[in-house]
Amino acid sequence: MTNETDRRSRFYTCSCFTTDNIFLEDYRLHVRFVSEQQFRLDYQSLLQSRGCVTEHQFVHVLTKISQEVDRRRRICETSAERTAAIKQTYRPLHPHVYRLQESYLAPKLQQIVEYCRSSGACKEGLVELLEDVGAPRVHRLPVFEKRFCEELVEELEHFERSSAPKGRPNTMNNYGILLNELGFDEGFITPLRERYLQPLTSLLYPDCGGRCLDSHKAFVVKYDINEDLELSYHYDNAEVTLNVSLGKSFTDGNLFFGDMRQVPVSETECTEVEHRVTEGLLHRGQHMHGALPISCGQRWNLIIWMRASQERNNLCPMCNRRPSLVEGDGFADGFTEHTCPHQNGSCALT
């Protein structure tokens, strides 16, 4: 069943989407671009220190930024076009994986959710049921059965081989799939978030919206020895993130977690956490993290950025300002025009 909030709310993006957190892959740098003058003042010296030393190289950076800004401005239109084309032309290999079934879930996850729904549930009791990975407030949990992971990866590979258009998750991942465009949101991701993940996040992360998650962005990323090998240090556009290893067979490529994004990198010590197929890691979206290079094989991960409009309506996590709303499609970036009074109670600390 879809939450009342999901049914009646229209979701928005923040206007900073077209100016902030633009990733320059060649220089491993996130930048803000408002004008060329502002950009030169803010970043030219830093880029020179990272190897962008000629005017030709700098102009190439400006061209890349212009292309990315244009992509972001047209993102609703192009996503709608892809979604329509996929619906019309793509024939799934495993149609059943598009609708969540309890048989896909690890029995232990179902037991954990049952505990969270019980009258005596508390954070301390839940943490005892989860694996400590050594990084603050990062929790490992079983999520899917192995056979389901195999079939889901087969479906994703089938889609990758098809002629259907494909939208990539973000500027940091060159290989991956937006699951809303493929048709996973309504029948799979939304019920997974509402029925099975929010009971956990309500206890684990009440201070950052875990009790009132009302939207998400879900995608898969792929790492391959001949494609993306790693992921730079970053934080997510989310209140809470679930990262599930789906397969296939790979070596190395551990995640590493630092501190919250407000803490300077120079004051941060990182903790490595290994991926285990079928298992997931829950963490706060603003917890800085990255992925080390795989040394062989191929890895697919399901990423769900879970969002709470009650939190982000007050402060955009990407620009650290009160959001300036721009109309978007679907869940957009999880902002809503008004905060519903009943949500205040559901998100309040007790």
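Ionic pairing of Arg307 and Asp333 is present here: one or more N-O contacts between side-chain nitrogen and carboxylate oxygen are shorter than 4.0 angstrom. Under the 4.0 Å criterion applied to side-chain N and carboxylate O atoms, Arg71 and Glu68 are assigned as salt-bridge partners. Between Lys108 and Glu114, no side-chain nitrogen of the basic residue sits less than 4.0 Å from a carboxylate oxygen of the acidic one, so the salt-bridge criterion is not met. A salt bridge links Arg276 with Glu131; the closest basic N to acidic carboxylate O contact falls under 4.0 Å. Under a 4.0 Å N-O distance rule, the pair Asp132/Arg137 does not qualify as a salt bridge. Comment: Glu150 engages Arg147 in a salt bridge, judged by a side-chain N to carboxylate O separation of less than 4.0 angstrom. With respect to Arg168 and Glu160, a salt bridge is recorded, a charged nitrogen being found less than 4.0 Å from a carboxylate O. Taking a cutoff of 4.0 Å between a charged side-chain nitrogen and a carboxylate oxygen, Arg10 and Glu327 qualify as a salt bridge.
Leu179 has its side chain within reach of Leu302: a pair of non-hydrogen atoms, C-beta onward, lies under 4.5 Å apart. Using a 4.5 Å cut-off on side-chain heavy atoms (C-beta onward), Arg284 and Cys208 make contact. A heavy-atom distance below 4.5 Å is found between the side chains of Cys14 and Cys319. Counting heavy atoms from C-beta outward, Leu156 and Leu182 have side chains that approach closer than 4.5 Å. The side-chain heavy atoms of Ile303 and Val220, taken from C-beta on, include no pair separated by under 4.5 Å. Put simply, the side chain of Pro165 does not reach to within 4.5 Å of the side chain of Glu81, judged on heavy atoms. Within the 4.5 Å cutoff, the side chain of Arg195 has heavy atoms near those of the Pro191 side chain. Leu204 places a side-chain heavy atom less than 4.5 Å from the side chain of His139.
If you chain together ILVMFWY residues whose side-chain heavy atoms come under 4.5 Å of each other, Phe17 ends up grouped with Ile75. When hydrophobic side chains of Ile, Leu, Val, Met, Phe, Trp and Tyr are connected at separations under 4.5 Å, Val138 ends up clustered with Val133, Leu255, Phe257, Val273, Leu281. With a 4.5 Å cut-off between side-chain heavy atoms of Ile, Leu, Val, Met, Phe, Trp and Tyr, the cluster of Phe250 takes in Val277.
A 6.0 Å sphere centred on CZ of Arg99 holds no more than 12 heavy atoms belonging to other residues, nucleotides or ligands. Heavy-atom neighbours of Lys166 NZ from other residues, nucleotides or ligands within 6.0 Å: above the threshold of 12. The neighbour count for Gln67 CD, taken as heavy atoms of other residues, nucleotides or ligands under 6.0 Å away, is above 12.
Judged by distance alone, the side chains of His216 and Asp185 do bring a donor and an acceptor atom under 3.5 Å apart. Judged purely by distance below 3.5 Å, without hydrogens or angles, the side chains of Tyr223 and Gln298 never pair a donor atom with an acceptor atom. With 3.5 Å as the limit, one finds no donor-acceptor pair spanning the side chains of Ser79 and Asp329. Neither side chain, Asn301 nor Ser245, offers a donor N or O lying under 3.5 Å from an acceptor on the other. Between the side chains of Tyr196 and Glu102, at least one donor N or O lies within less than 3.5 Å of an accepting N or O. Counted by atom type alone, Thr201 and Gln198 present zero donor-acceptor pairs between their side chains at under 3.5 Å. In this model, no donor atom of one side chain and acceptor atom of the other lie less than 3.5 Å apart for Gln101 and His96. In summary, the side chains of Thr278 and Glu145 do not present any donor paired with an acceptor at a separation below 3.5 Å, with no hydrogens or angles considered.
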Step-by-step ring-ring contact (aromatic ring centres under 6.0 Å, His included) determination, His158 to Tyr90: CA-CA 10 Å; His158 180 66; Tyr90 178 64; 5.5 Å; yes
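Using a distance-only test at 3.5 Å, with no hydrogens or angles considered, no donor-acceptor pair links the side chain of Asp70 to the main chain of Ser66. Panel note: side chain Thr190, backbone Gly187; no donor-acceptor pair is recorded below 3.5 Å. Between the side chain of Gln38 and the main chain of Ser35, a donor-acceptor pair closer than 3.5 Å is present. Between the side chain of Asp214 and the backbone N or O of Ser309 there is at least one donor-acceptor pair closer than 3.5 Å. In this structure, His287 contributes its side chain and Gly258 its backbone to a donor-acceptor pair below 3.5 Å.
Atom-to-atom distance recorded for Asn254:CG and Glu274:CD is 6.5 Å, nearest 0.5 angstrom. Residue Leu105 holds its CG atom at 11.5 Å from CD1 of Ile112, rounded to the nearest 0.5 Å. Taken from CZ in Arg50 to CD in Gln57, the straight-line distance is 14.5 Å, to the nearest 0.5 Å. The structure places OG of Ser215 at 11.0 Å from CE of Met306, a figure rounded to the nearest 0.5 Å. Rounded to the nearest 0.5 Å, atoms CZ (Arg73) and OG1 (Thr18) are 5.5 Å apart. Interatomic distance, Gln310 CD to Leu213 CG, rounded to the nearest 0.5 Å: 11.5 Å.
Val61 and Val59 sit in two unconnected hydrophobic clusters of ILVMFWY residues. Membership requires side-chain heavy atoms under 4.5 Å apart, directly or through other members. Note on Tyr27 and Val31: same hydrophobic cluster, where clusters join Ile, Leu, Val, Met, Phe, Trp and Tyr whose side-chain heavy atoms are under 4.5 Å apart, directly or indirectly. Grouping the Ile, Leu, Val, Met, Phe, Trp and Tyr side chains by contacts below 4.5 angstrom, directly or via other members, places Leu93 apart from Ile177. If you chain together hydrophobic residues whose side chains sit under 4.5 Å apart, Leu62 and Leu24 fall into the same group. In the hydrophobic clustering of this structure, Val34 does not group with Met318; members are Ile, Leu, Val, Met, Phe, Trp, Tyr whose side-chain heavy atoms approach within less than 4.5 Å, directly or through other members.
Applying the side-chain contact (heavy atoms from CB on, under 4.5 Å) test to Pro317 and every residue at least two apart in sequence or in another chain returns Asn237, Glu239, Gln286, Arg312, Phe335. Residues passing the ring-ring contact (aromatic ring centres under 6.0 Å, His included) test with Phe58, sequence neighbours excluded: Phe39. Checked against side-chain hydrogen bond (donor to acceptor under 3.5 Å, both in side chains), Thr241 has the following partners two or more places apart in sequence or in another chain: Asp236. Checked against side-chain hydrogen bond (donor to acceptor under 3.5 Å, both in side chains), Glu55 has the following partners two or more places apart in sequence or in another chain: Arg40. The side-chain hydrogen bond (donor to acceptor under 3.5 Å, both in side chains) check on Tyr98 picks up Glu155, with sequence neighbours excluded. Considering only residues two or more places apart in sequence or on other chains, Phe148 meets the ring-ring contact (aromatic ring centres under 6.0 Å, His included) condition with Tyr104, Phe144, Phe188. Partners of Arg91 under the side-chain contact (heavy atoms from CB on, under 4.5 Å) rule, at least two apart in sequence or in another chain, do not exist in this structure. Take Gln111 and apply the side-chain hydrogen bond (donor to acceptor under 3.5 Å, both in side chains) test, not counting sequence neighbours, and it matches no residue.
Listed by first and then second residue, the ring-ring contact (aromatic ring centres under 6.0 Å, His included) pairs involving residues 290-320 are Phe219-Trp305 (not counting sequence neighbours).
For His234 and His289, the gap between ring centers is short of 6.0 Å.
Judged by the 6.0 Å and 45° rule, Lys217 forms no cation-pi pair with Phe331.
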